[in-house]
Amino acid sequence: MTTHFWITGSTPQSDTATIRYYVDGERMASIEFQPQHACGVAFDDPENVWGNKWAGKGSNAGGFFHAFRVPFYKSLTVTYALAPGAEKGSIFIQVRGVENLPIAMDGADVPTGSNGAPRARMVLQRNNLTMAPLEYLSVVDMPAGTQGLVFQTMISFSAANVHTLEGCVRWYGTASTAFPGVLLGTGTEDFYSSSHYFKIGGGATHYHLPSVGLTHFVSDGGAVEFSAYRYQDMDPLFFSDGGGMQWRNGDVFDGDGLKCFLQRGGHAIGDPGPADVLTYAWVYTW
Amino acid sequence: MHTAFAVLLVCLAGSVLGGGPLRNFGTGVSNGKITDEEQTLLNYTLSDTGEVSPCACSQ
């Protein structure tokens with residue numbers, strides 16, 4: 001499995017490079033990421049020198065790194081290229097790993113074939129779309145017949161106002177689990193262990209905690225840009241027959257003024273507008 | 001006897017840890033050029049026996 005990835009060089013070229021992991025001879029890479037997005041950062045946010053257990057940035061010029069465990073059982077090919085439209089530049093890059101190392105998510109083992117166990121794969125699911133107000137999005141969307149657990153997700157968006165952050169986050173442990181599933185966040189910022197539209201004080205626009213981080217937040221009272229990450233190794237999310245994580249562009253109150261438990265109808269909270277959304281989800285499945 | 005016991009322990013440890021020896025691999029590029037063309041950083045193959053073929057790197 002891989003245990004380390006790091007990149008620097010010309011910026012933003014190294015931050016936005018296209019990195020592909022071809023696992024076990026696959027013709028289309030199952031893992032394709034931009035370094036900044038893998039680390040939960042969008043909008044080329046310039047914050048420098050931060051990190052947690054799994055990822056971070058060690059420089060004010062590139063330096064994104066992560067320690068994501070990507071298993072493989074025959075071969076691994078890693079490639080790099082410029083993001084579409086980027087100018088040529090220099091690059092320094094490293095990738096490494098360890099054979100036969102087990103994958104443990106704070107007590108939840110990811111099976112890698114030992115003693116006849118299944119062989120897990122890492123899947124990276126990405127969304128890049130414009131969402132209508134109150135539209136739902138499956139950040140994680142695993143088909144029936146699969147099982148596994150979520151490793152990390154990143155949600156980013158630009159929207160007309162902060163009301164997009166009212167969107168609740170929900171977890172469905174199977175593909176047939178009915179709404180509302182398990183409530184993960186009573187609002188988007190709540191999912192990232194913050195509150196009140198990221199009221200973090202002191203003019204701060206970022207934070208990095210062991211499992212969650214706010215990596216970009218620009219709000220001028222109107223339009224909003226936002227990105228954040230959450231690791232699930234200390235708060236595991238399992239699926240047993242498909243399943244997924246659902247986020248919404250804004251949300252609604254029911255007749256009693258409660259939110260998150262009304263699938264349709266209700267009263268929109270504020271006036272969420274269309275949102276340009278990018279999400280990543282790193283998922284172990286077997 | 002001691003040798004056999006040691007071998008058994010090693011095998012058990014290997015089994016618990018994932019069925020083979022723990023071994024590092026990896027590579028890097030220093031001051032390379034990044035272009036539109038997809039370039040290979042690492043091309044690494046495990047053998048069926050757990051033995052490792054040399055890392056082939058294209059820089």
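Throughout, a chain's letter reflects where its sequence line sits, starting with A, and its residues are numbered from 1.
- In this structure, the side chains of B:Leu22 and A:Leu101 come closer than 4.5 Å at one or more pairs of heavy atoms.
- To the nearest 0.5 Å, atom CZ of residue A:Arg96 and atom CG of residue B:Asn24 are 8.5 Å apart.
- Using modelled atom types, one side-chain atom of A:Asn100 and one backbone atom of B:Pro21 make a donor-acceptor pair closer than 3.5 Å.
- Here the side chains of B:Leu46 and A:Glu99 are in contact, with some heavy-atom distance below 4.5 Å.
- Of all the listed residues (A:His4, A:Gln13, A:Gln94), the one sharing the greatest number of non-hydrogen pairs under 4.5 Å with chain B is A:Gln94.
- At a heavy-atom separation below 4.5 angstrom, chain B is approached by no residue within residues 33-66 of chain A.
- In this structure, CD1 in A:Ile91 is found 8.0 Å from CD in B:Gln39, a value given to the nearest 0.5 Å.
- Only the side chain of A:Tyr22 comes within contact range of chain B, with heavy atoms under 4.5 Å apart.
- When the options B:Ile34, B:Leu41, B:Thr27 are evaluated for a side-chain contact (heavy atoms from CB on, under 4.5 Å) with A:Ile93, the one that passes is B:Leu41.
- Interface remark: A:Ala86 contributes backbone atoms only to the contact with chain B (heavy atom separation under 4.5 Å).
- Taking chain B as the reference chain and counting heavy-atom pairs below 4.5 Å, the highest number among A:Ser90, A:Ala81, A:Gly25, A:Gly97 is found for A:Gly97.
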side-chain contact (heavy atoms from CB on, under 4.5 Å) between A:Thr77 and B:Tyr44, intermediate numbers included:
CA-CA 6 Å; A:Thr77 299; B:Tyr44 187 75; over 6 Å; no
Residues B:Glu38, A:Arg20; criterion side-chain contact (heavy atoms from CB on, under 4.5 Å); working and verdict:
CA-CA 9 Å; B:Glu38 185 176 18; A:Arg20 295 187 178 95; 3.3 Å; yes
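- Contact annotation: the side chain of B:Val29 approaches that of A:Tyr80 to within less than 4.5 Å [non-hydrogen atoms, C-beta and beyond].
- Screening residues 76-87 of chain A for salt bridge (charged side-chain N to carboxylate O under 4.0 Å, His left out) gives no qualifying pairs among residues at least two apart or on separate chains.
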